[in-house]
Amino acid sequence: MSLTQGLTTQFKVNCLSGLENFAVGTGYVYKIALYTASATLDSTTTAYTAVNEVSGGGYTAGGQTLTVVPPAYSNQDNTAYVSFNNVTWTPASFTCRGALIYNATTGASVCVLDFGADKTATGTFTVTFPTADASNAIIRIS
């Protein structure tokens, strides 16, 4: 069992096929689901799965809806990027190792996050996304 961080191949194919859209008002919904260390998630993950998803106080299967920080680009870095606002579970009483961001409209995977170690929540659990810029955003294409 392992989590390997990165964009999924399914997401890359969907981007090239016009099946992803992060623009505000498109009707696409993106979510983040949390997983235990027993999960196997990597670039070959094609869709949201409930297998080894977190269970516990304050967590609902399927995770939470993400608020998209609109796509942008940097001419200097020749990079397009998109990110999300931080997401918080309150109350929270669970342990997780990583997460899957997925397109809840289609069920298709976007990216896997590995938190590096088990994280135990008691009260509040927050996933803090990096700064939305060409060097740090969670999704960058250059």
Side-chain angles (χ1 to χ4, degrees), residues 1-74 77-142:
M1 317 298 168
S2 68
L3 291 107
T4 304
Q5 184 160 307
L7 295 176
T8 64
T9 302
Q10 185 66 55
F11 175 70
K12 295 172 187 177
V13 169
N14 285 355
C15 283
L16 294 175
S17 301
L19 300 175
E20 297 293 347
N21 193 336
F22 292 97
V24 175
T26 62
Y28 285 76
V29 174
Y30 292 89
K31 296 184 85 171
I32 183 169
L34 303 177
Y35 292 85
T36 69
S38 297
T40 300
L41 301 170
D42 59 24
S43 64
T44 65
T45 302
T46 58
Y48 162 76
T49 177
V51 176
N52 293 309
E53 189 173 3
V54 163
S55 64
Y59 187 83
T60 302
Q64 285 203 35
T65 300
L66 292 167
T67 300
V68 176
V69 175
Y73 64 91
S74 166
D77 298 309
N78 196 29
T79 301
Y81 56 89
V82 66
S83 193
F84 306 96
N85 289 336
N86 298 341
V87 62
T88 300
W89 283 263
T90 303
S93 179
F94 51 78
T95 298
C96 62
R97 172 58 192 247
L100 178 70
I101 295 175
Y102 66 100
N103 182 332
T105 306
T106 65
S109 64
V110 172
C111 70
V112 176
L113 305 177
D114 180 355
F115 299 153
D118 281 351
K119 304 295 180 184
T120 300
T122 55
T124 299
F125 184 80
T126 302
V127 174
T128 303
F129 287 96
T131 304
D133 63 28
S135 299
N136 300 294
I138 198 73
I139 298 172
R140 299 182 306 271
I141 300 172
S142 58

Donor-acceptor pair, side chain of Tyr59 and main chain of Leu34, under 3.5 angstrom: yes
Expected output: side-chain Asn52 to main-chain Ser38 donor-acceptor under 3.5 Å: yes
Atom pair CH2/CZ of Trp89 and Phe94 - distance to nearest 0.5 Å: 6.0 Å
Short side-chain donor-acceptor distance under 3.5 Å, Ser109 and Thr46: no
Closest approach of Asp114 to Gln5 (non-hydrogen atoms, all atoms of both residues): N-OE1, 2.9 Å
Closest non-hydrogen atom pair, Cys96 against Phe125: SG-CZ, 3.4 Å
Flag, side chain of Thr131 to backbone of Asp133, donor-acceptor distance under 3.5 Å: no
Any side-chain heavy-atom pair of Leu66 and Phe129 under 4.5 Å: yes
Minimum-distance pair of heavy atoms, taken over all atoms of Asn14 and Glu20: ND2-OE2, 3.4 Å
Sidechain-backbone polar pair: Arg140 side chain, Ala80 backbone, donor-acceptor under 3.5 Å: no
Whether Phe22 and Tyr30 hold their rings parallel, tilted or perpendicular, with breakpoints at 30° and 60°: parallel
Pairwise distance OG(Ser142) to CG(Asp77) - rounded to 0.5 angstrom: 9.0 Å
Interatomic distance, Thr79 atom OG1 to Ile139 atom CD1 [nearest 0.5 angstrom]: 14.0 Å
Closest heavy-atom pair and its distance - Leu19, Asn103: O-ND2, 4.0 Å
Check: Gln10/Tyr102 side-chain N/O donor and acceptor closer than 3.5 Å: no
Within-4.5 Å side-chain heavy-atom neighbours: Thr9 and Thr44: no
Minimum heavy-atom distance Asn21-Tyr28, with the two atoms named: O-CB, 3.5 Å
